[in-house]
Amino acid sequence: MQSVPPKNCIRMYRPQVEPSSLERLQQVLESGWIGLGPVTEKFEQELAVSDWVGKYPVAVNSGTAALHLALVVADVPKGSAVIVPANTFVSTAAVALQHQCRVILADIERDTGNIDLNSVREVLESEPDVSAVIAVHYSGIPCDIAGLNEISSTYGVAVVEDCAHAIGSMWQGRPMSASPHIQAYSFHATKALALGEGGCVTFPDEAGAERARRLRRLGIDMSARSWSNPYDIPELGFKYNMGDIAAAVGLAQLEGLSDKLEKRRSIVRQYRERLAGLPVELVRESHESDRSGGFAVPVLVRDRERVRKELDAAGIESEIYFRPLSEFPLAATGTTPVAERFARDIICLPIHPLMSLDEVDYVCERLSECVV
Ligand SMILES: *Cc1c(COP(=O)(O)O)cnc(C)c1O
């Protein structure tokens with residue numbers, strides 16, 4: 001059966017914006033206050049009870065800012081080394097460098113695209129000044145959080161989770177909020193909870209969140225405020241806070257998130273069914289009780305450039321997640337052959353909440369014609 005090519009090109013991303021956004025935005029714009037305020041607080045409260053992010057969320061203006069604050073609140077010492085997987089967006093390493101740390105790249109597992117804990121252990125055995133590991137839940141496939149926790153206690157290093165892709169993911173049958181680690185989420189335009197720009201950093205305890213809430217706004221503490229003293233600055237911070245305009249869109253986007261995540265999961269299921277038996281390797285969870293939130297649909301193919309061009313000619317967008325960080329001028333060390341091979345073979349196929357299952361079929365049929 002040949003499905004009909006769609007009229008428009010099949011896009012990699014298309015945010016589904018909730019209809020209540022306009023009304024919520026109007027309320028904020030007419031309220032007399034459009035900065036960091038009650039709407040951001042409400043957004044944080046709704047995030048906190050959602051199970052989609054960690055327990056004590058602090059809303060910031062990007063996922064990158066969330067990662068940076070995570071390192072600061074984890075007390076990662078400047079001058080120490082931070083382990084980062086080679087298969088990630090540049091933010092993950094950039095924040096460690098901006099925190100004046102050395103970056104050591106860890107290799108990844110080919111079947112999940114996630115950081116290889118054996119590679120992490122090898123680095124930890126040979127490098128005495130590692131203070132933290134940043135693990136990325138690649139494409140929404142959860143890392144081994146329990147394994148990371150064990151590494152954290154064995155070697156005395158902090159673990160930060162880059163959860164930019166992990167909204168809606170489950171690890172060992174548990175929601176991401178059950179993790180004991182500091183986590184950083186992105187609400188960038190391409191992500192599952194899309195605000196345009198934004199993010200949040202979450203903590204397993206209230207104390208970390210309280211410190212992050214000061215640090216996201218230059219370290220300002222107004223608790224001892226008086227007529228002569230507008231604020232104190234016990235510790236200098238950054239200008240990273242979210243504002244009420246973004247938070248209004250965030251509250252609207254949260255309303256529809258459950259349905260959108262269900263849609264992503266049905267798209268992932270359809271891809272996996274249709275691609276079974278083809279000469280493509282599905283990158284997927286390695287444990288039964290893990291579940292990808294469906295941020296991306298990564299597959300490994302032979303002759304990737306040709307395949308991407310043929311998909312493009314058939315009106316199908318695709319992406320390379322990711323070029324390995326070893327290819328950029330980052331001053332990062334580490335040997336990552338699996339990540340480099342993975343990056344030569346990877347294609348991420350279109351997935352977004354407005355995509356139909358017929359469009360998934362169309363992508364799979366065109367892909368089946370160009371893979372060998
Ligand atoms: C998107 C992304 C980030 C950064 O998020 P921003 O909100 O764009 O700053 C960090 N890490 C990964 C893996 C990402 O995909």
Side-chain angles (χ1 to χ4, degrees), residues 12-13 15 43 47 52-54 57-72 82-99 103 105-106 108 112-115 132-143 148 159-169 176 181-202 212 216 238-243 246-247 249-250 253 264 283 292-298 318-328 330 332 336 339 342-343 346 348 351-352:
M12 203 50 211
Y13 326 98
F43 179 51
L47 283 172
W52 282 313
V53 303
V58 176
V60 293
N61 54 17
S62 75
T64 308
L67 280 168
H68 188 192
L69 279 185
L71 293 181
V72 175
V82 174
I83 298 177
V84 168
N87 181 37
T88 184
F89 186 54
V90 62
S91 294
T92 321
V95 294
L97 294 169
Q98 279 152 12
H99 193 62
V103 169
L105 299 178
I108 62 159
T112 63
N114 277 332
I115 193 164
V133 180
I134 310 182
V136 181
H137 303 292
Y138 170 72
S139 77
I141 298 167
C143 295
L148 285 163
V159 169
V160 168
E161 294 172 34
D162 181 337
C163 290
H165 302 177
I167 286 184
S169 301
M176 298 314 282
H181 305 129
I182 302 179
Q183 300 176 319
Y185 293 82
S186 168
F187 306 142
H188 179 254
T190 58
K191 304 285 159 68
L193 181 60
L195 274 67
E197 300 287 355
C200 75
V201 54
T202 73
R216 74 173 163 184
F238 311 89
K239 178 61 189 175
Y240 281 169
N241 61 275
M242 183 174 280
V249 177
Q253 290 297 68
R264 281 180 185 272
V283 179
S292 170
F295 166 71
V297 180
S318 63
E319 272 280 2
I320 297 173
Y321 289 148
F322 288 99
R323 266 185 76 183
L325 292 186
S326 54
E327 289 183 2
F328 297 107
L330 286 178
T336 57
F342 186 95
I346 192 71
C348 288
I351 180 168
H352 57 71

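In each ligand, atom 1 is the first atom listed, and ligand 1 is the first ligand listed.
Counting protein heavy atoms only, atom 11 (N) of ligand 1 is closest to D162 OD2, 2.7 Å. The single protein non-hydrogen atom nearest to atom 15 (O) of ligand 1 is H165 NE2, 2.7 Å, given as residue, atom name and distance. Protein heavy atom closest to atom 4 (C) of ligand 1, with residue, atom name and distance, is S91 OG, 3.5 Å.
Using a 4.0 Å cutoff on heavy atoms, K191 counts as a contact of ligand 1.
Below 4.0 Å from some heavy atom of G198 lie the following atoms of ligand 1, by number and element: 7 (O).
Note: an N/O pair closer than 3.5 Å links S186 and ligand 1 by distance alone. For ligand 1, none of its N or O atoms has an N or O atom of H188 under 3.5 Å away. Remark: ligand 1 and G63 share an N or O pair separated by less than 3.5 Å (distance only, no angle test). At a 3.5 angstrom cut-off on N or O pairs, T88 does not count as close to ligand 1.
Both the backbone and the side chain of T64 come within 4.0 Å of ligand 1, counting heavy atoms alone. Counting heavy atoms closer than 4.0 Å to ligand 1, residue S62 contributes atoms from both its backbone and its side chain.
A ring pair (Phe, Tyr, Trp, His ring centres under 6.0 Å) with F342 is found for exactly one of Y321, F322, Y138, namely Y138.
Separation of atoms OG1 (T112) and CG (N87) is listed at 9.0 Å; rounding is to 0.5 Å. Distance check, rounded to the nearest 0.5 Å: OG of S186 to CD1 of I167 gives 8.0 Å. A distance of 8.5 Å separates OG1 of T64 from CG of D162, quoted to the nearest 0.5 Å. A distance of 11.5 Å separates SG of C163 from CD1 of I182, quoted to the nearest 0.5 Å.
Contact record, R264 with H352: NH2-CA, 4.3 Å, taken as the closest heavy-atom pair. Across all their heavy atoms, S326 and L105 have their closest contact at N-CD1, 3.6 Å.
No donor-acceptor pair closer than 3.5 Å links the side chain of H181 to the backbone N or O of V160.
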